[in-house]
Amino acid sequence: MRKIITGAFVSLDGVMQAPGGPDEDPVGGFKYGGWVAPYFDAAMGKAVGEMFARPFDLLLGRKTYDIFAAHWPYVAGDDPIGPLFDRITKYVATRNPDFKLSWQNSRVLGADVVGALRTLKSGEGPDLLTQGSTDFLQTLFRNDLVDEINVFFFPVVLGKGKKLFGDGAFAGALKLVGSKVSGSGVTINKYVRDGDVVTGSFEFEQPTAAELERRRNLS
């Protein structure tokens, strides 16, 4: 059984868009591309390396695939990530049936992306790791396909942009199983699924007249 693991660089207000550079994804007038770079230190590099240390295949949306395919095959041979990404399988979600794959070891998931992912998850092989792919992540979250989330929270508020979670994400509890803080103030958290949402209450056992009136006013 394979797991789908999300890796995400996220601002404090939940934005994931264009972490790597100003020309990465300016869609919607986003003007802060490259917001991750000033915070990337040795601790960050080590945490990213740990995420890539276990066997994995990449699971990418088409736009992130295009970004990666235009960059990683062209880095120097001594780069620790480029040769690794070249070697492993890249599964790509795209709505374009005629999309041409330019990067070696890449495969299109096909028209039924959710069905393809369920088949992959039930089979043998390394875990499936997402990178970026904000639009595609919404499909994963809506269909309750994500098993683990690695979130790097950066101490910056971006105000607008594509977000990690949109409307319609799965409802469920998460358990924090690892947490670190880099010298630049990035908190690096690993969460795994932990059952259903559990609720409680701080209300009085017998609501006050003011509370009953408040509830009536809500409707």
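Hydrogens, waters and symmetry mates are skipped; everything else that's a heavy atom, side chains included, is used.
In the hydrophobic clustering of ILVMFWY residues, with side-chain heavy atoms under 4.5 Å counting as a link, L59 and F165 come out together. Under the 4.5 Å side-chain heavy-atom criterion for grouping Ile, Leu, Val, Met, Phe, Trp and Tyr, L140 is not connected to V92 through any hydrophobic cluster. No single ILVMFWY cluster, assembled from side-chain heavy atoms under 4.5 Å apart, contains both M51 and V177. Hydrophobic clustering keeps L129 apart from V192 (ILVMFWY residues linked when any side-chain heavy atoms are closer than 4.5 Å, directly or through intermediates). Hydrophobic clustering (side-chain heavy atoms under 4.5 Å, transitive across Ile, Leu, Val, Met, Phe, Trp, Tyr) groups V146 together with V114.
By the 4.5 Å heavy-atom criterion applied to side chains, N189 and F152 are not counted as neighbours. In this structure, L120 and L109 have side chains that are in contact, with non-hydrogen atoms separated by less than 4.5 Å. You'll find the side chain of F30 stays beyond 4.5 Å of the side chain of D25, heavy atoms only. Looking only at side-chain heavy atoms (C-beta outward), L84 and W72 stay at 4.5 Å or farther from each other. Residues D135 and R62 have side chains not in contact (no heavy-atom distance under 4.5 Å, counting atoms from C-beta outward). Proximity of S102 to Y65: side-chain heavy atoms (C-beta onward) are separated by under 4.5 Å at one or more points.
Classification of K162 and E24 as a salt-bridged pair fails, no side-chain N sitting under 4.0 Å from a carboxylate O. A salt bridge links K180 with E50: at least one charged nitrogen is closer than 4.0 Å to a carboxylate oxygen. A salt bridge is absent between K163 and D13: the closest approach of a Lys/Arg side-chain nitrogen to an acidic carboxylate oxygen does not fall below 4.0 angstrom. Taking the charged nitrogens against the carboxylate oxygens, E203 and R215 do have a contact shorter than 4.0 Å, which makes a salt bridge.
Listed for the D79 side chain is no donor-acceptor partner under 3.5 Å among the backbone atoms of V75. With K121 contributing its side chain and L145 its backbone, the two residues share a donor-acceptor pair below 3.5 Å. A distance-only check finds a donor-acceptor pair linking the side chain of K90 to the backbone of I88 [under 3.5 Å]. Without hydrogens or angle criteria, D194 side chain to A173 main chain gives no donor-acceptor distance under 3.5 Å. A donor-acceptor contact shorter than 3.5 Å is absent between the side chain of E148 and the backbone of I5. One N or O on the side chain of S11 and one on the backbone of V15 form a donor-acceptor pair closer than 3.5 Å. One N or O on the side chain of K160 and one on the backbone of G28 form a donor-acceptor pair closer than 3.5 Å. Between the side chain of Q17 and the backbone N or O of V27 there is at least one donor-acceptor pair closer than 3.5 Å.
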Check against side chain to side chain contact (heavy atoms under 4.5 Å, CB included), S179 and Y191: CA-CA 9 Å; S179 184; Y191 301 92; over 6 Å; no
Test log, rule side chain to side chain contact (heavy atoms under 4.5 Å, CB included), inputs N150 and T6: CA-CA 6 Å; N150 294 274; T6 289; over 6 Å; no
Stepwise side chain to side chain contact (heavy atoms under 4.5 Å, CB included) test for L12 and V156: CA-CA 6 Å; L12 288 182; V156 60; over 6 Å; no
Intermediate values then yes/no, salt bridge (charged side-chain N to carboxylate O under 4.0 Å, His left out), R2 and D57: CA-CA 10 Å; R2 306 169 77 173; D57 289 333; 2.7 Å; yes
Criterion side chain to side chain contact (heavy atoms under 4.5 Å, CB included) on D86 and Q104, from CA distance to verdict: CA-CA 7 Å; D86 260 353; Q104 66 177 1; 3.5 Å; yes
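The two residues A8 and L164 come nearest to each other via the heavy atoms CB-CD1, 4.1 Å. The minimum heavy-atom distance between S106 and L101, with the atom names listed, is O-CD1, 3.2 Å. Smallest separation of non-hydrogen atoms from D41 and M44: OD1-N, 2.9 Å. The minimum heavy-atom distance between T64 and S133, with the atom names listed, is OG1-N, 2.8 Å. Of all heavy-atom pairs spanning L60 and Q131, the tightest one is CD2-O, 3.7 Å. Minimum heavy-atom separation, R54 to K3: NH1-NZ, 4.4 Å.
Figure legend: cation-pi geometry between R193 and F170, with NZ or CZ positioned under 6.0 Å from the six-membered ring centre and within 45° of its axis.
More than 12 heavy atoms of other residues, nucleotides or ligands sit less than 6.0 Å from atom CZ of F52. Counting non-hydrogen atoms of neighbouring residues, nucleotides and ligands closer than 6.0 angstrom, the CZ atom of R107 reaches no more than 12 such neighbours. At most 12 non-hydrogen atoms from other residues, nucleotides or ligands lie less than 6.0 angstrom from CG of D196. The number of heavy atoms from other shown groups lying within 6.0 Å of CD (E124) does not exceed 12. Around CG of D112, the count of heavy atoms belonging to other residues, nucleotides or ligands within 6.0 Å exceeds 12.
Evaluation of the side-chain hydrogen bond (donor to acceptor under 3.5 Å, both in side chains) rule for D127 yields no partner, not counting sequence neighbours. For V197, the side chain to side chain contact (heavy atoms under 4.5 Å, CB included) partners two or more places apart in sequence, or in a different chain, are A171, T199.
Between W103 and F68, the ring-plane angle classifies as perpendicular under the 30° and 60° cut-offs.
Between the CZ atom of F136 and the OH atom of Y91 there is a distance of 12.0 Å, given to the nearest 0.5 Å. To the nearest 0.5 angstrom, I149 atom CD1 is 11.5 Å from L176 atom CG. Distance check, rounded to the nearest 0.5 Å: CG of L218 to CZ of R214 gives 5.0 Å.
Between the side chains of Y39 and S182, not a single donor N or O lies within less than 3.5 Å of an accepting N or O. Between the side chains of T89 and N105, no donor N or O sits under 3.5 Å from an acceptor N or O.
You'll find the ring centres of F9 and F153 outside the 6.0 Å limit.
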